[in-house]
Amino acid sequence: MTSYTRAIDHCAPLPLSMIDRSLLASKAIYFFFFGAMAVLTPFLALYYEHIGFSGTQIGFLVGLTPFITLFSASLMGVVADVTQQYRRLLMILVAGLALMVLTISQVTSFFWLIPVVVLYALFFAPILPLVDKTVLDSLGHNKNRYGRQRLWGTVGWGLAAPAAGLMVERTSLTWIFYICFVLLVAAFLVSTWLPVRQVNLAGHFWDGTRLLLRNWRWATFLTVTFVAGAGLAVINTYLFLLMDQLGATKTMMGLAMTVATLSEMGVMFFADRFLVRWGTRGLMAISLGCLALRLTSYGLVQSPQWILIIQLLHAPTFGLLWIAGVAHADKLAPAGMGATAQGLFSGVTMGFGAAFGAIAGGLLYQNLGAASMFLWFGAGVFVALVIFL
């Protein structure tokens, strides 16, 4: 691996003022993309239930997206690294995603919705890894400031989630698709200004791939992120169904997302300090422990108001995991394979792990109920934590 050196490492570090100006487009993409996802993803399970789908059908449809993510994020990462067409590929993906969002709103047949959701997942999965990779390359020697760029995605999510809840409560669930479409169009327009720095391979691409896949630290890392992804998927997919059963309003559901988002902002802002103090392994252990506690708490709660407090655990469960994951994937990536590494990390976490969580969660939800489903997943994550430690 010593033959692989990053082209940007030979460049003089950019002054922080120049970096901040060049990353305005990246901040805006994070803001609009996560705002769009905050409007759509938390309400999808409710929408599918609203149009008459069963728990198993909901689990299958929701699970399709992360399952496709495993392949799409990794494949598009390879394509981006080989072609070096990061900006153009990102624009195509965002435009395709916006189109599929509108299409989902027009299809009510479970059979015909399957291929539409597959296309939605193919476009959706590689977007965040490509933006993350571009941001890390643009930061150069200041990669520890990644969290302060990603923070704007958290802001976008926090602002959009309660607005979506209020809109749905006063109108209908269909509006989530239209609002999401508008925000994705904004992300597309901003992506045309995305700064891209070339990071070329110093050797053969497939040599770098073999080095990456043979690294035992990489295998351990992906195993941990798989478990975390499964637990997070259960929360993202079924929390609103639990809140609905407990009598929560749509506005309270949006507020629950806002509480989670506000807690995440602190983690993103101080990410560099957390990495220095605990390292990626320590942050992952903390994340798993808090995730086990969070899942178990959902299973025991009897009032929707308590969920607002439990949502504060979103900061260590997702925030620390993502900061540690992006940093670790970038560290282990051979030169010129940043998009591939980020695609694998995202694919396993939000793809393979999330697919398992969504599908298994759907089966448990239908047969045991929402509370028992959360308790079983909480126990599973705790066992994984013990093994990891």
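Counting begins at 1 with the first residue of the sequence.
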Item to check | Under the side-chain contact (heavy atoms from CB on, under 4.5 Å) test, residues paired with A186 that sit two or more places apart | outcome: F32
Checklist entry - To which residues is L300 joined in a hydrophobic cluster, defined by side-chain heavy-atom contacts under 4.5 Å among Ile, Leu, Val, Met, Phe, Trp and Tyr, whether direct or through other members? => result L375
Checklist outcome for this item: Residues pairing under side chain to side chain donor-acceptor pair (under 3.5 Å) where one sits in residues 363-385, two or more places apart or in two chains, turn out to be T56-Q366, Q245-Y365
Checklist entry - Which other residues belong to the hydrophobic cluster containing L363, where Ile, Leu, Val, Met, Phe, Trp and Tyr are joined when side-chain heavy atoms lie under 4.5 Å apart, directly or via other members? => result none
Checklist entry - Hydrophobic clusters join Ile, Leu, Val, Met, Phe, Trp and Tyr when side-chain heavy atoms are under 4.5 Å apart, directly or via other members; which others share one with V276? => result none
Item to check | Partner set under side-chain contact (heavy atoms from CB on, under 4.5 Å) for I286, not counting sequence neighbours | outcome: W278, C290, L320
Next on the checklist: Under the rule for side-chain contact (heavy atoms from CB on, under 4.5 Å), what residues qualify as partners of A233, not counting sequence neighbours?
Outcome noted: A354
Checklist entry - At what distance, to the nearest 0.5 angstrom, does OH of Y298 lie from CD of Q311? => result 3.5 Å
Checklist entry - Of all residues at least two apart in sequence or in a different chain, which pass the side-chain contact (heavy atoms from CB on, under 4.5 Å) check with T261? => result T154, W157
Checklist entry - Between OG1 of T225 and CG of L288, what distance do you get to the nearest 0.5 Å? => result 9.5 Å
Checklist entry - Which pairs with one or both residues in residues 28-37 pass side chain to side chain donor-acceptor pair (under 3.5 Å), sequence neighbours excluded? => result Y30-D132
Next on the checklist: Distance check, rounded to the nearest 0.5 Å: F33 atom CZ versus L128 atom CG?
Outcome noted: 6.0 Å
Checklist entry - According to the salt bridge (Lys or Arg N to Asp or Glu O under 4.0 Å) rule, which pairs have a member within residues 148-164, sequence neighbours left out? => result R150-E264
Item to check | ring pair (Phe, Tyr, Trp, His ring centres under 6.0 Å) involving F177 - partner list, sequence neighbours excluded | outcome: Y47
Which atom pairs, donor and acceptor, lie under 3.5 Å between side-chain atoms of residues 93-111 and protein residues at least two apart or in another chain?
{"from": "T103", "atom 1": "OG1", "to": "L99", "atom 2": "O", "distance (Å)": "2.9"}
{"from": "S105", "atom 1": "OG", "to": "L102", "atom 2": "O", "distance (Å)": "2.5"}
{"from": "S109", "atom 1": "OG", "to": "F111", "atom 2": "N", "distance (Å)": "3.4"}

